Amino acid sequence: MKSVFPVISDISPERLLAEITDEPAGGRLTVGDERVRNFLIAFSRRLLKPDLARRHPELGSLGFFLRKGELARAVERLADGVAGQRRAPRGLVLHFPPANVDTIFVYSWALSALAGNHNIVRVSARAAGAAQTVLEALNDVLADAHPAIAQTQRMITYDRDDAITGALIGACDLRVLWGGDQSVNELRKHPIRPLTRDLAFPDRSSFAAISVTGWQSSTIEQRRAAVDGFANDLYWFDQAACSSPRDLFWVGSTGIAAARAEFDELLAEVVAQRGWGVDPAMAVEKYVATYGLAATGAATKVAFSGNAVANVSLAGLDDLQRHWLGAGTICHVTVGSLAELAPAIQRKDQTLSQYGFTMSDLDDFVTTLAGRGIDRIVPFGQALTFAGTWDGFNLLHEFTRIITIQA
C-alpha cells in the first residue's frame, strides 16, 4: 500500500491508522476549520489556472466548488441556528470512490475535511488523467499548507486486499461507498464498529426531458445553448457517470418530429465542433447494443450520426434503458406529459436534466412522483455538476454529528 497524498512509497495500514488518529499540530480539527479552508482555497486556485483548465475542463467545476465564498456559504448553511445544538466532526472517514468518474472522490473528501474529519481515501489504481492531475495539484499545494493537513488527510492506493480493507474499515467512524451495487455489497461484508455509519452511493440511472412547447417558444440561440449543455452531460465521463442521461423524453402532443429533427441536427453540429469522436471498438459496441434493442422490439428505429451519436427510438416507457449502451447513445421516448413518466420511475433513478419546463411543471411532477425516485432535477448542462446535496443526502450534515447542549 502506498500513499499518493501525501506521497509515501510504502506504508502499512497499522502505521497509517496510528499516524492519522494522532492529534495534529495546532490541535484537533473543528467544523469549518481555518487550516482546512485555507488549504482548499489554495487548491481551488491551482485548479482554476488556465493550464489545468485547458487540459481538464471538468476540473474547473471542482475549482469553483471549492472557492472561498462557496466554502464559507456551505459552513454557514450547516450552522442552522438551532439553539442548544452544535455540529462536531464524526472522526475518521473512509472513502471508496468509483474508478469510472475520476474526480468524484475530491468532492466527497473536501466536504468531509471541511467538516473537520480525518480522512482516508482509497484512490483506484486504475485512476488516471484528471485524477492524477488532481493528486499532483494536491501535493503541490501541500508544500505551503499547515502541517495538520498532511497529518489528517491521506489518499492511498493498493491492489485488492481484504486484510487492508478490513483493517481500515474496522477503524473508521463513517465509511463512504461509491460504485456499483456489487462493489458496495462487497465492501459491506467487512464488519464495522457499532457506532460506525454507512453512506452509500450505489448504481443509479438518469434521464433527460425536453418540453416540446418550451423548445418551440425559445430562440435558436437558446436551443443551441441547451444542446451544447446536453452534449456536456452526454460525453463527459463517456456517459458512464450515475447522472449521465441515458433516455431522453420528448414531452408534448404536437410538433415533436420537427423539434427532434432540429435537436438531432444541432447535436451533430456541436459534436463535430468539439471534435468529440468514438473509437472503432466503442462504435462496434454501440452498434451491437442498439441493434440488439431493435431485435428484441424495445427499439423501433436506430440511426447513427457517424460513430459519435446513436439515436434510438424506444417503443415506450416499458423499454427504458438504465444500463450503459456506449458513449453518445440517446434513447428517445415520446410522452404526452411529465405525469405519464411517474409510474415508470424507480427508486434507483437519480437525475432528471431538463429543458423548457416551468418551475410549476417540475414541482407538480415531484408531487406526482410521491417519492418513487429522482433526487435532483437540473437544467441541461448541469447533470454532472456536483452539489453539496447528492442522492438526497446533505453531505455536510452526514459528515457531522449533532451535540445538544442544555444549561
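Here the structure is a predicted model, which means the values were calculated and not measured. For reference, positions follow the sequence shown, starting with 1.
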Counterpart residues, ring-ring contact (aromatic ring centres under 6.0 Å, His included), relative to [X] (two or more places apart):
| X | value |
| --- | --- |
| F365 | none |
| F96 | none |
| F43 | none |

Ignoring hydrogens and geometry beyond distance, is a side-chain donor-acceptor pair present between [X] and [Y] at under 3.5 Å?
| X | Y | answer |
| --- | --- | --- |
| T385 | R376 | no |
| Y235 | S244 | no |
| T358 | D361 | yes |

Identify whether the distance between the nearest side-chain nitrogen and carboxylate oxygen of [X] and [Y] falls below 4.0 Å.
| X | Y | value |
| --- | --- | --- |
| D198 | R175 | yes |
| R67 | E70 | yes |
| D181 | R204 | no |
| R224 | D228 | no |
| D51 | R46 | yes |
| R274 | E269 | no |
| D203 | K348 | no |
| R197 | D173 | no |
| R322 | D349 | yes |

R45 atom CZ, over 12 foreign heavy atoms within 6.0 Å: no
Minimum-distance pair of heavy atoms, taken over all atoms of Y107 and F65: CD2-CD2, 3.5 Å
Cationic tip of R154 above F5 ring, under 6.0 Å, 45° of axis: no
Can any side-chain N or O of [X] pair as donor or acceptor with the backbone N or O of [Y] at less than 3.5 Å?
| X | Y | result |
| --- | --- | --- |
| Q151 | A25 | yes |
| T300 | A315 | no |
| S108 | F105 | no |

Parallel under 30°, tilted from 30 to 60°, perpendicular over 60°: which one fits the rings of [X] and [Y]?
| X | Y | value |
| --- | --- | --- |
| W250 | H332 | parallel |
| W109 | F39 | perpendicular |
| Y291 | F304 | parallel |

How many angstroms lie between [atom1] in [X] and [atom2] in [Y], if you round to the nearest 0.5 Å?
| X | Y | atom1 | atom2 | value |
| --- | --- | --- | --- | --- |
| K68 | N38 | NZ | CG | 8.0 Å |
| I156 | I8 | CD1 | CD1 | 10.5 Å |
| L114 | L395 | CG | CG | 11.5 Å |
| I374 | S205 | CD1 | OG | 7.5 Å |
| N311 | D264 | CG | CG | 4.5 Å |
| I210 | L248 | CD1 | CG | 4.5 Å |

Stepwise side-chain hydrogen bond (donor to acceptor under 3.5 Å, both in side chains) test for R246 and H323: CA-CA 8 Å; R246 308 283 168 79; H323 60 286; over 6 Å; no
Chi angles and distances behind the salt bridge (charged side-chain N to carboxylate O under 4.0 Å, His left out) call for K189, E186: CA-CA 5 Å; K189 291 179 181 179; E186 284 295 320; 3.0 Å; yes
Y158 vs D161, side chain to side chain contact (heavy atoms under 4.5 Å, CB included): CA-CA, chis, key distance, verdict: CA-CA 8 Å; Y158 59 92; D161 188 309; 4.2 Å; yes
Single hit among V333, T368, L369, L317 for side chain to side chain contact (heavy atoms under 4.5 Å, CB included) with L341: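 For L341, the side chain to side chain contact (heavy atoms under 4.5 Å, CB included) test succeeds with only one of V333, T368, L369, L317, which is L317.
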